[in-house]
Amino acid sequence: MPSVQLHIKDHPEYAFTGNYFTEQPEGENASPRSHFEILKATQPAEAFEELNQGDTVTFVSASGQAEEMLLSNETPSHIIFVSRD
């Protein structure tokens, strides 16, 4: 999985490095889905303290490309976001 650095659109002070990948779900009309996994131990995870599963965050890449993602899962070690359908 490639590692990328993204920041939160309205809070550029919160930058995150994490694993980013895209998968193609099965199904004729299924859209590709992006995943962004943040390792809590090395990131400012407090930026997500107020979020619940299903809440959205808009991440921006260094090139300026924005992507709205949903908080999919939180484990003791990772925070996992997926793109919207």
So, using side chain to side chain contact (heavy atoms under 4.5 Å, CB included) as the criterion, who are the partners of Thr42 when residues are at least two apart? Leu39
Heavy-atom nearest pair, Tyr20 first then Glu67, reads OH-OE1, 2.6 Å
Could you pull out all donor-acceptor pairs under 3.5 Å where a side-chain atom in residues 49-60 meets a protein atom, sequence neighbours excluded?
unit_1: Gln53; atom_1: NE2; unit_2: Ser72; atom_2: O; d: 2.6
unit_1: Asp55; atom_1: OD2; unit_2: Asn52; atom_2: N; d: 2.7

Of all residues at least two apart in sequence or in a different chain, which pass the side chain to side chain contact (heavy atoms under 4.5 Å, CB included) check with Gln43? Phe16, Thr17, Ile38
Taking side chain to side chain contact (heavy atoms under 4.5 Å, CB included) as the test, write out the residues that go with Glu13, two or more places apart. His11
Heavy-atom closest pair, residues Ile79 and Ala45: CD1-CB, 4.1 Å
ring-ring contact (aromatic ring centres under 6.0 Å, His included) filter on His35, not counting sequence neighbours, yields Phe21
What about Phe81 and Ile8, same hydrophobic cluster or not, with Ile/Leu/Val/Met/Phe/Trp/Tyr joined at side-chain heavy-atom distances under 4.5 Å? yes
Would Lys9 and Glu68 count as a side chain to side chain contact (heavy atoms under 4.5 Å, CB included) here? Give the steps. CA-CA 9 Å; Lys9 181 179 179 183; Glu68 186 175 65; over 6 Å; no
With Glu23 via salt bridge (charged side-chain N to carboxylate O under 4.0 Å, His left out) - residues at least two apart: none
Is there side-chain contact between Leu71 and Phe48, with heavy atoms separated by less than 4.5 Å? no
Are any of the side-chain heavy atoms of Ser77 and Lys40 separated by less than 4.5 Å? no
More than 12 heavy atoms of other groups within 6.0 Å of Gln65 CD: no
Atom pair OG/CD of Ser31 and Gln24 - distance to nearest 0.5 Å: 7.5 Å
Heavy-atom closest pair, residues Ser83 and Pro32: OG-O, 4.2 Å
